[in-house]
Amino acid sequence: MSEFTVTVFRFAFFIILWLFVLGVAGVLRRDIFGARRGSRKSRRGRSKRSAAPVPSPAAAPRQSPPPPAAAPPGGGRSQAHPGAIRVIAGPLAGTSLMLSGAPVTFGRAPDNTIVISDDFASSHHARISAQNGAWVLEDLGSTNGTIVDGRRIDSPVRLRIGTEITIGHTTLETQS
């Protein structure tokens with residue numbers, strides 16, 4: 001082979017090698033930080049989901065409860081309070097738990113109500129508790145976050161029937 005051909009092959013190999021390295025870096029980034037969900041500008045324009053943030057009780061003085069929220073435009077979800085939670089995807093799929101009055105906790109630690117054996121779940125990941133007559137989900141400072149209806153939450157959210165909660169590779173849904 002001529003020296004020119006060898007140089008072209010070396011250059012092509014070099015480019016392919018760097019494409020492989022960049023692909024591996026992209027996969028690692030998605031595994032660590034999660035997939036991108038669109039640009040920041042497009043997220044602002046979306047309408048609010050039915051899981052509305054709930055203010056913390058310490059932040060505001062005790063007042064009468066606000067009037068019930070109007071139904072979402074699609075009318076898809078009921079405004080009623082859920083009575084059960086069911087695992088719809090993940091290793092525990094099919095498991096159901098009635099919401100009674102005691103807080104329900106999720107995570108890897110054995111003292112949780114629902115133990116999620118997943119590397120993407122924290123030992124004490126999230127909690128559902130009754131507040132002001134409604135069920136409220138809060139993330140307990142987990143590393144990978146808690147996703148409610150496709151959005152990562154950073155404050156407690158009120159749960160309605162049909163709300164989807166994702167913790168690691170496990171997806172739960174509230175039911176009547």
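With rounding to the nearest 0.5 angstrom, the CG atom of L172 is 10.5 Å from the CG atom of L159. Between atom CZ of residue F120 and atom OG1 of residue T166 there is a gap of 13.5 Å, rounded to the nearest 0.5 Å. One distance of note links CG of L140 with NE2 of H124; it measures 8.5 Å at 0.5 Å rounding. To the nearest 0.5 angstrom, L19 atom CG is 10.5 Å from F14 atom CZ. Here the CZ atom belonging to F9 is positioned 10.5 Å from the CD1 atom belonging to I16, to the nearest 0.5 angstrom. L99 CG to Q175 CD: the interatomic distance, rounded to the nearest 0.5 Å, is 10.0 Å.
When all heavy atoms of N112 and S123 are compared, the pair lying nearest together is ND2-O, 2.7 Å. Taking every heavy atom of both residues into account, P103 and T113 meet most closely at O-OG1, 3.9 Å. Between A84 and M98, the shortest heavy-atom contact is CB-SD, 3.9 Å.
Judged by distance alone, the side chain of D149 and the main-chain N or O of E164 form a donor-acceptor pair under 3.5 Å. A donor-acceptor pair under 3.5 Å links the side-chain atoms of T174 to the main chain of T163, judged by distance alone. Between the side chain of H125 and the backbone N or O of G145 there is at least one donor-acceptor pair closer than 3.5 Å.
Results of the side chain to side chain contact (heavy atoms under 4.5 Å, CB included) test with I165 over I128, T171, I147 single out I128 as the only residue that passes.
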side-chain contact (heavy atoms from CB on, under 4.5 Å) evaluation trace for V104 with L97:
CA-CA 9 Å; V104 178; L97 179 71; 3.6 Å; yes
Evaluate the criterion side-chain contact (heavy atoms from CB on, under 4.5 Å) for residue pair D118 and I167; output intermediate values, then yes/no.
CA-CA 9 Å; D118 185 346; I167 298 172; over 6 Å; no
Show, in sequence, the C-alpha distance, side-chain angles and deciding distance for V115 and R108, and conclude whether the side-chain contact (heavy atoms from CB on, under 4.5 Å) test is met.
CA-CA 5 Å; V115 179; R108 286 193 327 243; 5.7 Å; no
Worked check of salt bridge (charged side-chain N to carboxylate O under 4.0 Å, His left out) between E173 and R86
CA-CA 5 Å; E173 182 179 50; R86 181 178 175 92; over 6 Å; no
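For D111, the CG atom is densely surrounded, since the number of other residues' heavy atoms within 6.0 Å is greater than 12.
Residue pairs satisfying the side-chain hydrogen bond (donor to acceptor under 3.5 Å, both in side chains) criterion with at least one member in residues 3-27, sequence neighbours excluded, are listed as follows: S2-T5.
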